[in-house]
Structures are given as structure tokens and as C-alpha cells.
Amino acid sequence: MSISLNINRLKECREKLGISKMEAAKRMQLSQPAYLRYESGARTPSIQTLEVIAQVLDTSKEYLMNLTDDSSPISYTISRASDPELFEIIRLCQNSETETRKRLIAYANKIAGIS
């Protein structure tokens with residue numbers, strides 16, 4: 001897959017989160033010069049790095065590559081090591097009936113104050 005990164009969207013997503021280039025690099029576990037090369041268009045990230053960038057910036061690689069105009073993420077990667085509680089919730093949901101999932105979502109929305 002050939003990667004065509006839209007650097008304006010990359011910058012837009014970073015700014016939407018209100019984080020600096022240095023903070024973005026840190027969250028992506030990249031060196032600051034490496035991230036700066038991506039945002040300036042001097043280098044193109046690998047597809048694996050683009051996945052990490054998209055996850056950190058709460059978007060999708062498809063959006064960053066101009067394949068869609070929808071900036072919302074289409075997937076999340078959750079690690080048991082980095083977020084064991086969320087990992088367990090997802091595991092429980094995957095093994096639940098549809099009605100149980102709906103109840104869990106309603107409860108989570110209630111806790112979060114979402115109607």
C-alpha cells in the first residue's frame with residue numbers, strides 16, 4: 001500500500017488535541033525530529049507508524065491519507081499491559097449477548113453523564 005500522508009490533516013488533528021509537536025512525538029514514542037519530518041512532509045511514515053499516529057491523534061489512518069473525509073477513528077488498539085481495566089471491559093463485551101452489550105453501553109453513558 002502506497003502511503004500519501006496529508007500533512008495538513010496531521011497538523012489539524014494534533015492541534016485539535018491541543019498538543020505540541022514535542023508532546024505528539026512523545027505520545028507516539030517517536031523522536032521529535034522524526035515526528036517533525038512527518039508533519040513537514042519531508043518523510044512518509046510506514047503503515048505501522050501511521051497506525052500509531054492515527055491512534056494517538058484520535059483519528060484514522062484513512063483520514064490522514066485522504067481516503068475519507070470522516071476524521072473519527074475506525075478502530076482502537078487496547079493492550080492488556082497498558083490499560084488492563086479497559087481491556088477487561090472489552091473482553092467481557094466481546095463475549096456477551098447483544099442485550100447485555102446494550103445494557104453495558106447504557107450504563108457507561110450514564111456514568112459518563114451522556115444521555
Side-chain angles (χ1 to χ4, degrees):
M1 172 187 259
S2 177
I3 297 174
S4 175
L5 179 65
N6 181 324
I7 60 173
N8 293 321
R9 286 185 173 185
L10 177 63
K11 182 178 178 182
E12 164 204 314
C13 290
R14 178 185 55 77
E15 290 176 343
K16 185 177 172 183
L17 289 177
I19 60 174
S20 67
K21 293 174 186 176
M22 188 167 85
E23 179 62 23
K26 182 179 173 183
R27 290 183 187 186
M28 295 168 193
Q29 298 182 347
L30 298 171
S31 69
Q32 187 175 1
Y35 179 77
L36 292 174
R37 286 191 289 270
Y38 297 146
E39 194 168 298
S40 71
R43 299 241 4 223
T44 302
S46 68
I47 195 70
Q48 294 85 358
T49 301
L50 189 57
E51 287 278 0
V52 171
I53 291 170
Q55 178 143 354
V56 168
L57 297 180
D58 197 32
T59 191
S60 68
K61 68 180 186 305
E62 290 80 7
Y63 180 72
L64 295 174
M65 294 170 59
N66 281 330
L67 300 175
T68 182
D69 289 329
D70 182 358
S71 65
S72 58
I74 60 171
S75 67
Y76 292 103
T77 302
I78 308 299
S79 165
R80 181 182 294 192
S82 65
D83 200 337
E85 294 87 0
L86 185 55
F87 187 88
E88 181 63 15
I89 290 169
I90 291 169
R91 189 191 65 74
L92 289 170
C93 286
Q94 281 185 314
N95 297 323
S96 298
E97 299 288 327
T98 302
E99 191 56 40
T100 302
R101 287 182 187 187
K102 288 179 183 177
R103 289 177 44 219
L104 287 168
I105 291 168
Y107 185 63
N109 284 333
K110 188 173 184 176
I111 291 171
I114 302 170
S115 298

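Sequential numbering from 1 along the given sequence is applied to the chain's residues.
- No side-chain donor-acceptor contact under 3.5 Å links Arg9 to the backbone of Leu64.
- Within the 4.5 Å cutoff, side-chain heavy atoms of Met28 are placed close to those of Leu57.
- Under a 3.5 Å cut-off, the side chain of Gln55 and the backbone N or O of Thr77 do form a donor-acceptor pair.
- The two residues Ala54 and Ser60 come nearest to each other via the heavy atoms CB-C, 3.6 Å.
- Considering OG of Ser96 and CG of Leu104, their distance stands at 6.0 Å, rounded to 0.5 Å.
- In this structure, CD1 in Ile78 is found 4.5 Å from CD1 in Ile90, a value given to the nearest 0.5 Å.
- Between the side chains of Asp70 and Thr68, no donor N or O sits under 3.5 Å from an acceptor N or O.
- Separating the OH atom in Tyr63 from the CD1 atom in Ile74 is a distance of 14.0 Å, to the nearest 0.5 Å.
- The two residues Ala25 and Tyr35 come nearest to each other via the heavy atoms CB-CB, 3.8 Å.
- Between Glu85 atom CD and Arg80 atom CZ the span is 12.0 Å, to the nearest 0.5 Å.
- A heavy-atom distance below 4.5 Å is found between the side chains of Leu30 and Tyr38.
- Linking Ile, Leu, Val, Met, Phe, Trp and Tyr whenever their side-chain heavy atoms come within less than 4.5 Å leaves Leu36 and Leu50 in two separate clusters.
- Applying the salt bridge (Lys or Arg N to Asp or Glu O under 4.0 Å) test to Arg103 and every residue at least two apart in sequence or in another chain returns nothing.
- Linking Ile, Leu, Val, Met, Phe, Trp and Tyr whenever their side-chain heavy atoms come within less than 4.5 Å puts Tyr76 and Leu86 in one cluster.
- Hydrophobic clustering, with ILVMFWY side chains joined whenever heavy atoms are under 4.5 angstrom apart, groups Leu10 together with Leu67.
- Using a 4.0 Å cut-off between charged nitrogen and carboxylate oxygen, Lys61 and Glu51 count as a salt-bridge pair.
- Contact check for Pro45 versus Leu5: side-chain heavy atoms found under the 4.5 Å cut-off.
- Looking only at distances, a side-chain donor or acceptor of Arg14 sits under 3.5 Å from a matching main-chain atom of Ile19.
- To the nearest 0.5 Å, the span separating SG on Cys93 from CD1 on Ile105 amounts to 6.5 Å.
- Connection of Ile7 to Met22 is not established within any shared hydrophobic cluster, with ILVMFWY side chains joined at heavy-atom distances below 4.5 Å, either directly or through further cluster members.
- Listed by chain and number, the residues in a side-chain contact (heavy atoms from CB on, under 4.5 Å) with Asn8 are Asn6 (sequence neighbours excluded).
- In this structure, Lys16 does not pair ionically with Glu12, as no charged nitrogen and carboxylate oxygen lie closer than 4.0 Å.
- Annotation: the span from Ser72 atom OG to Glu62 atom CD amounts to 10.5 Å, rounded to 0.5 Å.
- Checked by atom type and distance alone, the side chain of Arg101 pairs as donor or acceptor with a backbone atom of Gln94 at under 3.5 Å.
- Residue Ser46 comes nearest to Ile3 through the heavy atom pair C-CD1, 3.5 Å, listed as atom of the first residue, atom of the second, then distance.
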